[in-house]
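Written out below as structure tokens is the structure these notes cover.
Just so it is clear, the values below take in all heavy atoms, side chains as well, and ignore hydrogens, waters and symmetry mates. We count ligands from 1, going down the list as the structure has it; atoms in each ligand are counted the same way.
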Amino acid sequence: MERTLIILKPDAVQRGLIGPIIARFERKGLQIVALKLTRLDSAVARQHYAMHEGKPFYDGLIQFISSGPVVVMVLQGNHVIETVRKMMGATSGFNAEPGTIRGDFGLSSSFNLIHGSDSPATARAEIARFFAPEELLDFPAASWPWVYAPGERP
Ligand code: IDP
Ligand code: MG
């Protein structure tokens with residue numbers, strides 16, 4: 001099964017949106033296989049957002065993502081990377097469709113609540129950045145027989 005790395009950014013934590021956001025993923029049928037509250041120092045933040053270095057919003061982004069506690073977690077499920085990206089919505093809360101996390105909870109293009117990996121290769125690198133292998137729990141979810149039809153089941 002596919003895995004993806006999620007960060008609930010400092011605005012989500014400070015606004016009390018950890019529960020409502022995680023609830024959406026649980027209701028969808030996705031499985032949490034790793035989870036922690038932590039804080040990104042600026043070295044980790046720079047590594048995580050290295051692809052945006054040089055862009056006008058880069059310094060503000062590093063400042064923002066390291067400005068307070070974040071929740072990092074790994075979600076698992078069939079097609080989880082694309083599923084989560086759809087659930088997140090467009091980068092800016094103003095543009096994001098209602099029904100998405102960013103569309104329902106935010107208005108900003110920088111304080112946009114959540115990060116989700118954008119490809120399998122990125123997900124592998126990002127998961128390894130935040131979790132040691134033994135922190136990833138491999139267990140059959142009790143919901144699987146009802147979330148997935150027999151042919152789709154892990
Ligand atoms: P994504 O999070 O939807 O994948 P990216 O383009 O990868 O969006 O940008 C990474 C993060 O950088 C965004 O989530 C947002 O916090 C910030 N960001 C992106 N574009 C802008 C912008 O135009 N102004 C301010 N911040 C931005
Ligand atoms: Mg991105």
Side-chain angles (χ1 to χ4, degrees), residues 1-133 135-138 141 147 154:
M1 279 220 283
E2 199 172 70
R3 290 177 169 181
T4 191
L5 183 96
I6 307 298
I7 303 176
L8 304 185
K9 298 182 180 182
D11 53 336
V13 174
Q14 295 292 351
R15 291 178 55 197
L17 294 173
I18 297 172
I21 294 172
I22 290 179
R24 291 182 176 219
F25 295 132
E26 291 191 311
R27 287 194 313 227
K28 183 69 173 170
L30 298 171
Q31 182 190 17
I32 300 167
V33 297
L35 177 73
K36 64 185 163 193
L37 184 71
T38 184
R39 194 167 169 151
L40 310 195
D41 64 27
S42 105
V44 172
R46 285 174 186 281
Q47 191 184 37
H48 181 73
Y49 281 123
M51 74 294 286
H52 294 302
E53 207 172 333
K55 294 184 185 166
F57 59 84
Y58 178 72
D59 288 343
L61 175 61
I62 299 307
Q63 210 287 323
F64 164 55
I65 200 72
S66 53
S67 66
V70 296
V71 171
V72 281
M73 67 183 157
V74 178
L75 294 177
Q76 176 167 280
N78 287 352
H79 310 294
V80 66
I81 295 171
E82 192 185 344
T83 300
V84 166
R85 295 287 301 188
K86 285 182 183 165
M87 292 174 73
M88 287 164 52
T91 301
S92 156
F94 174 72
N95 291 322
E97 293 293 328
T100 65
I101 292 164
R102 288 162 168 173
D104 284 351
F105 296 141
L107 288 165
S108 166
S109 53
S110 46
F111 288 17
N112 61 359
L113 302 157
I114 184 165
H115 166 85
S117 307
D118 61 9
S119 74
T122 312
R124 273 192 296 279
E126 291 181 346
I127 290 168
R129 177 169 303 127
F130 293 103
F131 292 98
E135 291 181 297
L136 299 163
L137 303 189
D138 198 7
V147 169

Please state which option from [options] has its nearest heavy atom closest to [atom].
atom	options	answer
atom 4 (O) of ligand 1	H48, H115, K55, R85	R85
atom 2 (O) of ligand 1	M51, R102, M88	R102
atom 20 (N) of ligand 1	F64, F57, Y58	F57
atom 17 (C) of ligand 1	I62, I7, L61	L61

Please report whether ligand 1 has a polar contact with S110, defined as an N or O pair separated by less than 3.5 Å (distance criterion only).
yes

Other residues, nucleotides and ligands only: do more than 12 of their heavy atoms fall within 6.0 Å of [atom1] on [X]?
X	atom1	value
F57	CZ	yes
E135	CD	yes
H79	NE2	no
K28	NZ	no

What's the shortest distance from [atom] to any protein heavy atom, and which residue and atom give it?
atom	result
atom 10 (C) of ligand 1	H52 NE2, 3.4 Å
atom 13 (C) of ligand 1	N112 ND2, 3.5 Å
atom 1 (P) of ligand 1	T91 OG1, 3.6 Å

Could you tell me whether R24 and D104 have a side-chain N and a carboxylate O separated by less than 4.0 Å?
yes

What do you reckon, are the aromatic ring centroids of Y49 and Y58 less than 6.0 Å apart?
no

Among I21, I7, L35, I6, find the residue that satisfies the side chain to side chain contact (heavy atoms under 4.5 Å, CB included) test when tested with V71.
L35

Under-4.0 Å heavy-atom contact with ligand 1, by part of K9 that carries it
side chain

